[in-house]
Amino acid sequence: MELNRFLLSIIIAVFLAQPVMAEPLTKKELAFAFKDTPEIPYDAGVEPLSGQENRETKGAIWSYVAAGIAWVWRGVQVLRRTGAGTTARTKSLREQAADLIPRNANRHRVRLRSPSQQMDIDLAGRAHAGIPTPHTRVSPGNLRAPNQPAYNIRKSPVRPATQQDIRNVRRYLERLRR
Amino acid sequence: MMKKEFLVGQSNELVKADKVFDLHNLYDFVGMVLEGGKRRLRIVFEPNPEHGKGNLPVSVNFEAVDYLEFSPNFGSRIVCGLEDMGYKSPGDRDDEWLLDEQQSTPDDHLFFRLEGGDFIRVHCQHADIVEATEVGLLWVPDC
């Protein structure tokens with residue numbers, strides 16, 4: 001797997017190096033490139049390259065290739081770190097919420113309570129107050145009610161669930177399983 | 001004393017044996033049948049076409065009703081969703097909050113809060129929830 005990735009990187013690097021190498025050549029590079037193809041005229045005024053110059057030119061090309069490989073490799077590393085460029089995509093809140101239903105014994109609502117408030121998160125189901133699921137209703141505690149705990153739910157508005165709501169539900173369900 | 005064959009789970013659902021009826025999320029409120037001669041009330045819910053697929057219509061049946069109250073102008077506007085369920089003590093008119101199953105007593109009224117603030121408040125001798133086995137069965141009074 002690693003070898004395949006390495007070979008693929010080399011191929012991509014060579015491919016990507018082409019535009020770099022295709023930059024306008026100097027007269028010396030042009031002469032070197034076409035010196036063995038007499039049918040293509042080249043600047044006759046340029047003297048043939050010496051052996052030292054020939055080696056330097058080849059070295060320059062290979063340095064381009066090496067730089068290309070390094071550039072591609074760095075890019076691959078960045079993509080792996082960020083997760084971009086892969087086939088996996090970030091799930092929507094709706095999908096994340098639906099995934100939690102089996103963990104909640106196939107029930108669609110998760111209720112989180114503290115003394116001060118009650119949070120009802122509907123993971124899936126019909127819309128309420130025009131707000132599709134997942135949605136959340138936070139009801140404040142009613143400390144004056146004779147039976148405790150009590151929460152004022154009638155006037156509590158429904159709002160779309162946030163990523164944090166879903167995260168809280170996931171953590172809560174994970175704690176329940178332990 | 002109200003004998004029930006179900007429990008109010010979280011305020012969105014009724015639980016009978018191991019079966020959970022999520023009336024808030026998966027069902028639409030359809031209406032009710034009141035058989036005055038028998039003091040019998042049926043509140044009918046149908047599975048939501050989008051979210052309740054695979055479920056059967058259900059009827060919450062109340063036999064020997066001894067208390068029944070609707071919100072003012074109940075039925076004068078379109079209502080198709082249940083907000084929540086719970087209990088209220090007979091003398092308590094503050095429906096901002098509801099009692100849950102553990103807090104309730106057999107004398108408390110069962111409280112259905114519907115969309116738009118409408119409600120049904122009922123007490124009876126025997127309550128049950130049944131699934132319809134045939135389409136339309138829930139709508140045919142047997143008297």
Side-chain angles (χ1 to χ4, degrees), chain A residues 94-95 97-98 100-161 169 172-173 176, chain B residues 8-15 18-29 45-55 71 79-105 108 111-119 121:
Chain A
R94 185 177 179 147
E95 291 168 324
L100 293 173
I101 293 173
R103 298 192 210 175
N104 192 35
N106 289 322
R107 293 164 91 166
H108 288 58
R109 171 172 289 185
V110 174
R111 172 168 284 176
L112 306 176
R113 275 182 169 179
S114 74
S116 62
Q117 66 179 27
Q118 171 179 280
M119 181 181 283
D120 287 323
I121 300 110
D122 286 331
L123 300 171
R126 62 197 305 279
H128 284 93
I131 299 172
T133 50
H135 55 219
T136 302
R137 183 171 64 181
V138 180
S139 308
N142 181 343
L143 299 176
R144 298 195 308 178
N147 300 77
Q148 292 294 327
Y151 300 90
N152 290 342
I153 52 178
R154 182 162 65 93
K155 293 176 187 168
S156 301
V158 177
R159 61 164 171 78
V169 169
Y172 169 74
L173 295 175
L176 281 185
Chain B
V8 176
Q10 298 176 112
S11 57
N12 59 313
E13 63 199 10
L14 297 180
V15 183
D18 290 333
K19 174 90 174 170
V20 177
F21 298 93
D22 189 340
L23 301 180
H24 172 87
N25 284 309
L26 305 184
Y27 291 85
D28 294 334
F29 170 73
F45 297 87
E46 279 185 346
N48 181 270
E50 184 181 357
H51 301 284
K53 287 174 187 168
N55 293 305
S71 55
V79 176
C80 58
L82 177 81
E83 284 291 332
D84 42 32
M85 291 170 286
Y87 298 89
K88 288 306 292 182
S89 299
D92 190 348
R93 306 302 304 170
D94 179 8
D95 65 356
E96 183 65 46
W97 56 278
L98 301 177
L99 298 166
D100 62 26
E101 187 70 43
Q102 287 71 36
Q103 295 169 328
S104 70
T105 70
D108 291 335
F111 193 98
F112 294 83
R113 195 196 315 280
L114 302 165
E115 279 180 352
D118 283 329
F119 67 81
R121 188 167 170 157

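- For chain B, the nearby parts of A:Asn152 are the backbone and the side chain; heavy atoms of each come within less than 4.5 Å.
- Per-residue heavy-atom pair counts under 4.5 Å with chain B were compared for A:Ala105, A:Ala129, A:Ala145, and the maximum is reached by A:Ala145.
- Chain B forms more heavy-atom pairs under 4.5 Å with one residue of A:Val158, A:Asn142, A:Asp122, A:Asn106 than with any other, namely A:Asp122.
- Taking CH2 of B:Trp97 as the reference point, atom CD of A:Gln118 lies at 13.0 Å (rounded to 0.5 Å).
- Of the atoms belonging to B:Glu115, it is side-chain heavy atoms, and not backbone ones, that fall under 4.5 Å from chain A.
- Only the side chain of B:Asp100 comes within contact range of chain A, with at least one heavy atom under 4.5 Å from a heavy atom of that chain.
- In terms of non-hydrogen atom pairs under 4.5 Å with chain A, the most contact-rich of B:Asn48, B:Leu98, B:Asp92, B:Asp95 is B:Asp95.
- Taking CZ of A:Arg109 as the reference point, atom CD of B:Glu13 lies at 8.0 Å (rounded to 0.5 Å).
- Ring centers of A:His128 and B:His24: under 6.0 Å apart, within the cut-off.
- You'll find the side chain of A:Arg137 reaches within 4.5 Å of the side chain of B:Asp84, heavy atoms only.
- Chain A forms the most heavy-atom pairs under 4.5 Å with one residue out of B:Arg113, B:Glu50, B:Glu83, and that residue is B:Arg113.
- Atom CZ of A:Arg94 has 12 or fewer neighbouring heavy atoms from other residues, nucleotides or ligands inside a 6.0 Å radius.
- To the nearest 0.5 Å, the span separating NE2 on B:His51 from NE2 on A:His108 amounts to 8.5 Å.
- Among the candidates B:Gly81, B:Gly52, B:Ser11, the residue making the largest number of heavy-atom pairs closer than 4.5 Å to chain A is B:Ser11.
- Evaluated for a side chain to side chain donor-acceptor pair (under 3.5 Å) with A:Arg126, the options B:Asp28, B:Asp22, B:Asn25 yield exactly one hit, B:Asp28.
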